[in-house]
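One structure below.
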Amino acid sequence: MARKVAMMEYLGPDPVKAFARLEEAVGGDEIAQWYFKQLSGELSRPETQWISGIGQGLRSAVSATMLGKLPVSMISDIGYSTVTAIQAGMKADQVVSHIFKQVATLGQYLGKGGNKDLAAQMLLETNHIIESAQLLHRFGDLSGPSTSIAWLANLTMKATGAENMDIAARVNFGLSMSRVLAEGIEGKLGRKFNTLMERYNISTDDMAKVKGAIENQDGIRRLNPSKIDDPFLQEKFIGIVQAEMESAVPTASVRTQAATAMGQARGTAAGELTRTFGTFKSFAANVVFNHLTRGWKARNYNNKWAGRAEYFGMMAATLVPLGVLSVVLSDMLDGKKPVNPLTAKGEHSWDLIKRGIRKSGTGGIFLDFLSLDYNSPFSGSPSLEFLAGPGVTLVADSWDDIWSTMQYTKDGELGKAYKKASKTGIKLGGMALTPSNFWYSKLLFDRLVEDQFKDMADPNYRRNVQRSSRRLRKDTGQEYWWDKGESRPEFLQ
């Protein structure tokens with residue numbers, strides 16, 4: 001209902017006809033049609049319920065098993081939030097405070113109070129923001145019928161702390177933006193804030209009308225949207241904060257969802273395939289639609305190249321170090337000794353930087369494609385693996401394992417068939433046990449359960465582990481602090 005009311009406010013009593021007239025006036029645009037269908041909800045209504053259920057179930061299963069270490073990757077949210085706030089006009093001396101408060105807000109949220117309550121009172125936090133489904137939309141289209149598999153995906157978001165981190169980032173950014181708006185309206189900020197107001201079509205008269213909504217809160221001047229008398233201006237300023245939030249905490253917008261669905265309706269074979277292909281590409285696509293597009297359009301005193309250099313330089317300076325930190329922490333959680341970014345040399349240093357760039361999503365979907373593993377086992381084609389997405393890849397790899405097992409059995413090679421079936425069963429069984437994929441439990445499960453089963457099922461397992469360790473040392477200069485197949489880490493042996 002809210003969606004229909006909002007569309008009627010902007011497009012009149014018959015939004016479909018109004019859009020058709022606009023489309024006719026500009027000569028028609030297929031991508032614009034995608035956006036409108038997504039905005040109107042047409043693409044979200046499943047044409048066939050059971051097809052929609054299969055697609056959503058597959059995407060949820062993949063998310064439940066592959067996002068267990070999501071909080072480590074979300075460290076880069078600090079960078080996106082900081083870049084967005086600075087571009088909105090935040091003063092340099094407030095940046096460090098903004099970063100530290102993002103961490104503090106998480107603690108306050110866990111205590112069920114503090115900044116979260118304040119943001120809610122100021123109308124800077126709404127129900128749709130705090131739903132875990134909103135967080136899941138950052139990585140793929142996971143909405144649809146409620147199933148036990150979808151419940152597992154939501155469990156992953158909650159149990160790993162990812163949902164709390166997401167809310168904390170939004171709350172902190174909302175409060176930082178309310179401070180930026182207050183100082184800008186009072187004339188304390190300059191060029192960047194003026195550009196922000198121009199982007200959202202806010203006039204000096206509009207700013208004068210909302211000055212009365214500026215309050216002192218714990219010694220900080222903030223614009224409190226709940227105190228704005230004019231309902232239209234109240235909606236506009238809340239909209240500014242929430243629109244900027246999509247850049248600060250990259251979230252799939254209507255454009256992103258329409259692009260990853262490619263105009264295909266839910267509950268159709270084409271629609272579910274495009275959504276499955278788009279799993280985990282939504283985040284990178286959203287970075288393109290928000291930060292890379294903004295950076296390309298940026299101006300510094302009307303100089304486009306200076307503006308681009310400033311914006312992209314700021315992204316690199318904040319996001320790449322955070323991405324490298326995510327990589328280091330992720331490696332430690334995988335049982336590897338981390339590469340020291342301060343002492344790494346040569347190709348190992350460059351490899352760490354590339355992994356940091358990709359981990360933070362700095363380059364959006366473009367660098368994801370350029371940094372593909374060209375030794376990928378998926379049909380010998382890394383580009384196919386990239387386009388297919390993890391859902392299709394999982395199904396294809398599992399089918400390949402099952403088919404190989406059947407062929408070995410048919411040819412009478414029962415030993416090979418047993419080994420292949422055991423590996424497949426252990427891999428899928430581990431993925432099915434969702435808690436075993438959480439960042440704080442995955443390594444324990446891998447070493448104490450999965451590796452031990454692999455050792456029993458495969459006589460060559462130890463030899464393969466040694467080969468894997470040599471390859472890791474050659475490629476990255478790393479070793480394991482808890483070797484594969486060992487029941488105890490190195491320092492306890």
Side-chain angles (χ1 to χ4, degrees), residues 62 65-69 72 326-340 344 346-348 351-352 354-355 358-359 371-380 382 385 390 393-394 396-405 407-408 413-493:
V62 171
T65 59
M66 297 186 68
L67 293 180
K69 290 198 298 182
V72 177
S326 294
V327 169
V328 169
L329 293 175
S330 182
D331 282 348
M332 293 177 66
L333 292 172
D334 285 337
K336 301 172 186 175
K337 293 179 180 179
V339 176
N340 187 332
E347 63 182 52
H348 295 159
D351 179 70
L352 181 63
K354 286 193 298 183
R355 291 169 67 199
R358 189 175 183 186
K359 193 80 168 178
S371 59
L372 292 173
D373 178 8
Y374 284 87
N375 295 312
S376 166
F378 186 81
S379 302
E385 180 179 16
T393 303
L394 173 63
D397 286 347
S398 299
W399 172 249
D400 183 62
D401 289 340
I402 294 171
W403 180 256
S404 297
T405 302
Q407 286 296 113
Y408 286 139
E413 299 181 79
L414 299 182
K416 290 183 178 180
Y418 171 75
K419 185 191 298 185
K420 176 64 75 171
S422 299
K423 285 183 177 180
T424 303
I426 293 169
K427 179 178 71 175
L428 295 178
M431 294 180 70
L433 294 171
T434 300
S436 71
N437 296 292
F438 298 163
W439 60 269
Y440 49 80
S441 59
K442 188 175 189 311
L443 183 60
L444 287 171
F445 181 84
D446 286 350
R447 296 297 182 264
L448 300 180
V449 180
E450 186 172 324
D451 288 357
Q452 305 309 314
F453 276 110
K454 287 179 179 178
D455 194 7
M456 289 186 288
D458 184 1
N460 297 320
Y461 177 70
R462 294 286 175 174
R463 187 185 308 164
N464 294 335
V465 165
Q466 292 175 356
R467 189 182 301 117
S468 173
S469 298
R470 288 195 298 269
R471 185 165 59 248
L472 177 68
R473 194 179 304 114
K474 177 183 177 183
D475 293 343
T476 67
Q478 293 174 276
E479 296 179 346
Y480 285 99
W481 65 267
W482 191 344
D483 286 320
K484 291 182 176 182
E486 299 295 335
S487 59
R488 291 178 295 175
E490 181 182 298
F491 60 85
L492 292 180
Q493 293 180 9

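Residues: numbered from 1 along the sequence shown. When reading the values below, keep in mind they use all heavy atoms of this one structure, side chains included, and skip hydrogens, waters and symmetry mates.
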Taking salt bridge (charged side-chain N to carboxylate O under 4.0 Å, His left out) as the test, write out the residues that go with Asp475, two or more places apart. none
Minimum-distance pair of heavy atoms, taken over all atoms of Val327 and Leu352: CG1-CD1, 3.8 Å
So, does Ser468 use its side chain to make a donor-acceptor pair with the main chain of Asn464 at under 3.5 Å? no
Tell me, please, which residues at least two apart from Lys442 pass side chain to side chain contact (heavy atoms under 4.5 Å, CB included). Asn437, Asp446
Measure the CG-OG distance between Leu448 and Ser441 for me, rounded to the nearest 0.5 Å. 11.5 Å
Could you report the tightest heavy-atom contact between Val328 and Pro338, atom names first, then the distance? CG1-CB, 3.4 Å
Taking only residues two or more places apart in sequence or in another chain, which ones pass salt bridge (charged side-chain N to carboxylate O under 4.0 Å, His left out) with Lys484? none
How many angstroms lie between atom OG of Ser330 and atom NZ of Lys69, to the nearest 0.5 angstrom? 3.0 Å
Non-neighbouring partners of Arg473 that pass salt bridge (charged side-chain N to carboxylate O under 4.0 Å, His left out), sequence neighbours left out: Glu479
Quick check: closest heavy atoms across Leu443 and Leu333, and the distance to 0.1 Å? CB-O, 3.4 Å
side-chain contact (heavy atoms from CB on, under 4.5 Å) assessment of Phe438 paired with Leu444: CA-CA 10 Å; Phe438 298 163; Leu444 287 171; over 6 Å; no
Separation between CH2 (Trp439) and CE (Met332), nearest 0.5 Å, reads 11.5 Å
Sequence-distant partners of Leu472, side chain to side chain contact (heavy atoms under 4.5 Å, CB included), two or more places apart: Lys336, Thr476, Gln478, Tyr480
Holding to side chain to side chain contact (heavy atoms under 4.5 Å, CB included), I want the full list of residues that pass it with Arg462, two or more places apart in sequence or in another chain. Asp455, Glu486
